[in-house]
Visitor: 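Encoded as structure tokens, here's the structure I'll be asking about.
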Amino acid sequence: MNDNLNINWYPGHMAKTKKQIMQDIALVDVVLELLDARIPIASSNPEWEEMLKNKKRIIVLNKADLAEEKENQKWVSYFAAKGIEAVCTDASSGRGIPELMKKIEEVASEKQKQLGEKGRVGKSIRVMILGIPNVGKSSMINRMTKKASAIVGNKPGVTRQKQWVRLSNSNIELLDTPGMLWPKLQTQEIAMHLAYTGTIKDDIMPMIEIAYDLTKFLLQNKKKAFMERYHLEEKEIDTILANDQQEENENILEIMYLVGKKRGAVLSGGRIDEEKTARILLDDFRSGKIGRITVETVK
Ligand SMILES: Nc1nc2c(ncn2[C@@H]2O[C@H](COP(=O)(O)OP(=O)(O)OP(=O)(O)O)[C@@H](O)[C@H]2O)c(=O)[nH]1
Ligand SMILES: [Mg+2]
């Protein structure tokens, strides 16, 4: 397997997005930093630290329903220890949103008080939603406003332009932004984690390599869930993994092929359809069908 994901995942429009966001940061009172609860490290843009200094930040661990509850709580404590407030949410069901709203309102009322002291009343509190592509920013806005204010889609790059949305019966305004990545991913592992979760457009990704890497991760860390999902026997898996007649990556590929076979991803002539197998594995992982899986745990 190729060790390098050589892909252009920082398309031209990202630089423009960043410029726009930099300008808008100056206008907002609070920034909601949406992270993917399964990969809180990889989904955190290293540029934000600098961009957001002196801004009130709240970390939102979204897609918490797809991550392990115990690990979610560990991440909340991890951020708390750094003096950063963090909330776990599921923007599809709405879980955690009331708690998040409460936190925003706390910040808003503090800000109102400060403005009131300066004699400026009636000013809106502006909240920017920031995050990597596909993390659930627009879904979050729709949950908060309780209507379909923003377009949502199960692929990265759905929101193309920023959009202000006002919360009804409130002086809070939310700013939806396009997903943002950064020019140089720090490590190969981070690139892989972003790929597993569907942050980078699939059509520019080597899907088979990503599914291979995911399979390897699952076999090392979530073997039981993996076996259950694909009705595989532990003995069968262990025999393949222990085979020293072929390279380790061939052993893992063999297990991928088993999955393909079980799921009918077979070409005419009986060969395994690698592309289709890769799709099945990634789709199952992304939609939580293999289970709630936290890829990056607190160290
Ligand atoms: N399971 C789960 N799915 C979610 C959650 N939040 C959003 N989604 C799904 O994730 C996909 C992306 O959601 P969007 O709200 O469009 O994400 P976005 O961050 O606005 O994406 P871009 O505009 O492309 O940057 C959609 O299929 C949502 O239904 C969540 O908390 N849990
Ligand atoms: Mg969006």
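Everything numeric in this text was worked out from a predicted model, so none of it was measured. We're numbering straight along the sequence, starting at 1. Every number for a ligand or one of its atoms is a count from 1 in the order of the listing. What you see below is based on every heavy atom in this structure, not just the backbone, and it leaves out hydrogens, waters and symmetry mates.
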Visitor: Count the heavy atoms belonging to other residues, nucleotides or ligands that lie under 6.0 Å from NZ of Lys155, then report whether that count exceeds 12.
Guide: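 No - once you tally the heavy atoms of other residues, nucleotides and ligands closer than 6.0 Å, there are 12 at most.
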Visitor: Can Arg126 and Asp24 be counted as an ion pair, charged N to O under 4.0 angstrom?
Guide: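 So Arg126 does not pair with Asp24 through a salt bridge.
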Visitor: Please determine whether a side-chain nitrogen of the Lys or Arg among Lys56 and Glu85 lies less than 4.0 Å from a carboxylate oxygen of the Asp or Glu.
Guide: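 Looking at Glu85 together with Lys56, the answer is yes, because their closest N to O distance falls below 4.0 Å.
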Visitor: Sequence neighbours left out, what pairs pass ring-ring contact (aromatic ring centres under 6.0 Å, His included) with at least one residue falling in residues 138-193?
Guide: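 Those involving residues 138-193 are His193-Tyr196.
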Visitor: Is it the case that more than 12 heavy atoms not belonging to Lys261 sit under 6.0 Å from its NZ atom?
Guide: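 No, the 6.0 Å shell around NZ holds no more than 12 heavy atoms from other groups.
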Visitor: Looking at side-chain heavy atoms only, is the closest gap between Lys216 and Gln220 below 4.5 Å?
Guide: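 Yes; the side chains approach each other to less than 4.5 Å.
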Visitor: What pairs of residues pass the salt bridge (charged side-chain N to carboxylate O under 4.0 Å, His left out) test when at least one of them lies in residues 174-195, not counting sequence neighbours?
Guide: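 Non-adjacent pairs meeting salt bridge (charged side-chain N to carboxylate O under 4.0 Å, His left out): zero.
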Visitor: Within the supplied structure, the quantity of interest is the number of heavy atoms (other residues, nucleotides, ligands) at a distance under 6.0 Å from Glu247 CD; does it exceed 12?
Guide: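 No - once you tally the heavy atoms of other residues, nucleotides and ligands closer than 6.0 Å, there are 12 at most.
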Visitor: For ligand 1, what are the residues with a heavy-atom contact below 4.0 Å?
Guide: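 Shell around ligand 1 (4.0 Å, heavy atoms): Asn62, Lys63, Asp65, Leu66, Asp90, Ala91, Ser92, Pro133, Asn134, Val135, Gly136, Lys137, Ser138, Ser139, Val152, Gly153, Asn154, Lys155, Pro156, Gly157, Val158, Thr159, Gly179.
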Visitor: Are Arg292 and Glu68 ion-paired here, with the side-chain N under 4.0 Å from a carboxylate O?
Guide: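 No salt bridge links Arg292 with Glu68.
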Visitor: Listing by chain and number, which protein N, O or S atoms are under 2.8 Å from the Mg ion (ligand 2)?
Guide: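 Correct list: Ser138 OG, Thr159 OG1.
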